[in-house]
Amino acid sequence: MTCDLFKLATPGVQNLHPYQPGKPIEELERDYGIKNAIKLASNENPLGPSPLALASIQTLFPDLARYPDGNGFTLKQALAKKHGLKIDTITLGNGSNDTLEIIARTFVTPSDSVIFSEYAFAVYPIVTQAIGAQAIVTPAKDWGHDLTAMHAAIRQNTRLIFIANPNNPTGTWIDQTSLKAFLESVPEDIIVVVDEAYFEYASEHPHYPDSSQWLSSFPNLIVCRTFSKAYGLAGLRVGYALSDPDIANLLNRVRQPFNVNSVALHTAVAALKDVDHLQKSLAITRTGMQQLIEAFDEMKLSYIPSIGNFVTVDVGQSGSEVYKKLLFEGIIVRPLEPYRMPHHLRVTVGLDEDNFLFTEALRKVLEF
Ligand SMILES: *Cc1c(COP(=O)(O)O)cnc(C)c1O
């Protein structure tokens, strides 16, 4: 007799659509026999990690037989200093995705509901559904979060609200006044997560809020940050949550004891020190974004204005088809079918040369 193993999973897991990552460069090169492929699909830093961070990795290798510091003391100390907060406000994660999942598992049961927006980051529905909780998805407004709709969606059983600021994959964002008013309007017994994965890029905009400054006013607020984007360490997996110490205490109970590995802990500290590399990375993205937008304008393609290191463009036809044609040109972008945006592609701002080759390939594929 064969047992239907699928049926053994919880109903939430049975209906789960796995996260679809950007295609790895090696996979494209292997499958298509292409060399020098360009990946603009996962919002990584095209400059790579800080050279200082890279140099410091090696000093750690002799210690790899040892477990990491389960409390991540040195990294937390550096982060506390950076944010002007106490160490006990920090929860480290194996990427900020890990912290998002820890938060959901800490506060949400299958009889609760979680609110997030249409087109919001794909990890919110995944962590909600893995628990078997109810997802309340509010309609987007101009591709971004409609905070009025999100507030109106609150129910008796709502425990958690996810907000991506700016949002991935749309690049839309919420200004300081609106976000603060929203936080003031949400009952204190509902956790609000503000996911600031693109903070460093976004904070160049004058009205973009640093919600970590509001932690003392809103005990139900959790702010998530990451080393995966502007700090160029996506492969190492380090992120963190900032919150009231009582919340951090709960999150740290749920967190796996050694969720951040020792190389990641060590390298993140070195990356924080390299302000120069960060500034260079932001500057490259600023000019690269301009380069992409000008090309879209020339092609008369509409795009969603973004304050992240990526931009989402309407190609006026099946995005998945254009994505496949771009693969043959050696370029990987992100089709947004999984987000129900079938005509859009999300493109990470790359180096000057990458952006040029991408826009040339796009012209060719769209027959300009
Ligand atoms: C990239 C991204 C993250 C960060 O993921 P990591 O797990 O830290 O690599 C979190 N939230 C959003 C909205 C993102 O786009």
Side-chain angles (χ1 to χ4, degrees), residues 18-22 24 39-46 48-49 72 75 79 90-105 114 116-128 130 140 143-145 160-174 179 192-203 208 211-212 222-242 251 255-256 259-261 263-265 267-268 271-272 281 285 304 306-312 333-334 336 338-339 341 344 346-349:
Y19 181 81
Q20 295 183 17
K39 183 183 176 205
L40 300 174
S42 300
N43 303 343
E44 296 142 338
N45 183 335
L75 176 56
L79 288 170
I90 302 170
T91 309
L92 297 179
N94 185 25
S96 61
N97 281 318
D98 186 30
T99 62
L100 297 171
E101 199 201 358
I102 292 169
I103 292 164
R105 284 170 52 219
V114 177
F116 48 85
S117 173
E118 182 185 21
Y119 312 132
F121 187 43
V123 168
Y124 312 150
I126 291 176
V127 300
T128 303
W143 304 106
H145 293 50
L160 178 61
I161 301 175
F162 282 117
I163 292 178
N165 198 34
N167 184 45
N168 170 16
T170 57
T172 51
W173 60 289
I174 304 162
L179 188 56
V192 181
V193 173
V194 179
D195 179 353
E196 298 182 341
Y198 302 92
F199 177 84
E200 295 78 11
Y201 302 103
S203 62
Y208 173 78
S211 35
S212 73
I222 306 179
V223 181
C224 292
R225 298 276 185 94
T226 183
F227 284 89
S228 296
K229 306 288 158 59
Y231 285 102
L233 296 177
L236 278 184
R237 318 301 303 129
V238 205
Y240 56 100
L242 302 169
L251 300 179
R255 181 180 68 78
Q256 284 184 31
N259 62 335
V260 185
N261 71 72
V263 180
L265 287 172
T267 312
L272 278 180
S281 306
T285 299
I304 307 172
S306 163
I307 60 169
N309 66 336
F310 59 90
V311 56
T312 290
V333 295
R334 199 68 158 265
L336 295 183
Y339 284 87
M341 297 171 69
H344 284 86
R346 193 194 67 197
V347 188
T348 305
V349 179

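For ligands, and for the atoms within them, numbers begin at 1 and follow the listed sequence.
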*Consider only side-chain N and O atoms of N259 and N94, and report whether a donor and an acceptor are under 3.5 Å apart.*
no

*Taking atom types as modelled, is there a side-chain donor on N97 or Y19 under 3.5 Å from an acceptor on the other?*
no

Give me the pairs of N or O atoms, one from ligand 1 and one from the protein, that sit under 3.5 Å apart.
unit_1: ligand 1; atom_1: 7 (O); unit_2: S96; atom_2: N; d: 3.1
unit_1: ligand 1; atom_1: 7 (O); unit_2: N97; atom_2: N; d: 2.9
unit_1: ligand 1; atom_1: 7 (O); unit_2: N97; atom_2: ND2; d: 2.9
unit_1: ligand 1; atom_1: 7 (O); unit_2: R237; atom_2: NH2; d: 2.7
unit_1: ligand 1; atom_1: 8 (O); unit_2: S96; atom_2: N; d: 2.7
unit_1: ligand 1; atom_1: 8 (O); unit_2: S96; atom_2: OG; d: 3.0
unit_1: ligand 1; atom_1: 8 (O); unit_2: T226; atom_2: OG1; d: 2.5
unit_1: ligand 1; atom_1: 8 (O); unit_2: S228; atom_2: OG; d: 3.3
unit_1: ligand 1; atom_1: 9 (O); unit_2: S228; atom_2: OG; d: 2.6
unit_1: ligand 1; atom_1: 9 (O); unit_2: R237; atom_2: NH1; d: 2.8
unit_1: ligand 1; atom_1: 9 (O); unit_2: R237; atom_2: NH2; d: 3.3
unit_1: ligand 1; atom_1: 11 (N); unit_2: D195; atom_2: OD1; d: 3.2
unit_1: ligand 1; atom_1: 11 (N); unit_2: D195; atom_2: OD2; d: 2.7
unit_1: ligand 1; atom_1: 15 (O); unit_2: N168; atom_2: ND2; d: 2.7
unit_1: ligand 1; atom_1: 15 (O); unit_2: Y198; atom_2: OH; d: 2.7
unit_1: ligand 1; atom_1: 15 (O); unit_2: K229; atom_2: NZ; d: 3.3

Donor-acceptor list for residues 229-240 side chains, cut-off 3.5 Å, not counting sequence neighbours:
unit_1: K229; atom_1: NZ; unit_2: Y198; atom_2: OH; d: 3.1
unit_1: Y231; atom_1: OH; unit_2: K82; atom_2: NZ; d: 3.3
unit_1: R237; atom_1: NH1; unit_2: S228; atom_2: OG; d: 3.4
unit_1: R237; atom_1: NH1; unit_2: A234; atom_2: O; d: 3.2
unit_1: Y240; atom_1: OH; unit_2: H83; atom_2: NE2; d: 2.8

*Classify the ring geometry between F162 and Y124 as parallel (under 30°), tilted (30 to 60°) or perpendicular (over 60°).*
parallel

*Examine the side chains of T285 and N309 and answer whether a donor and an acceptor come within less than 3.5 Å of each other.*
no

*Test log, rule side-chain hydrogen bond (donor to acceptor under 3.5 Å, both in side chains), inputs R334 and N43*: CA-CA 10 Å; R334 199 68 158 265; N43 303 343; over 6 Å; no

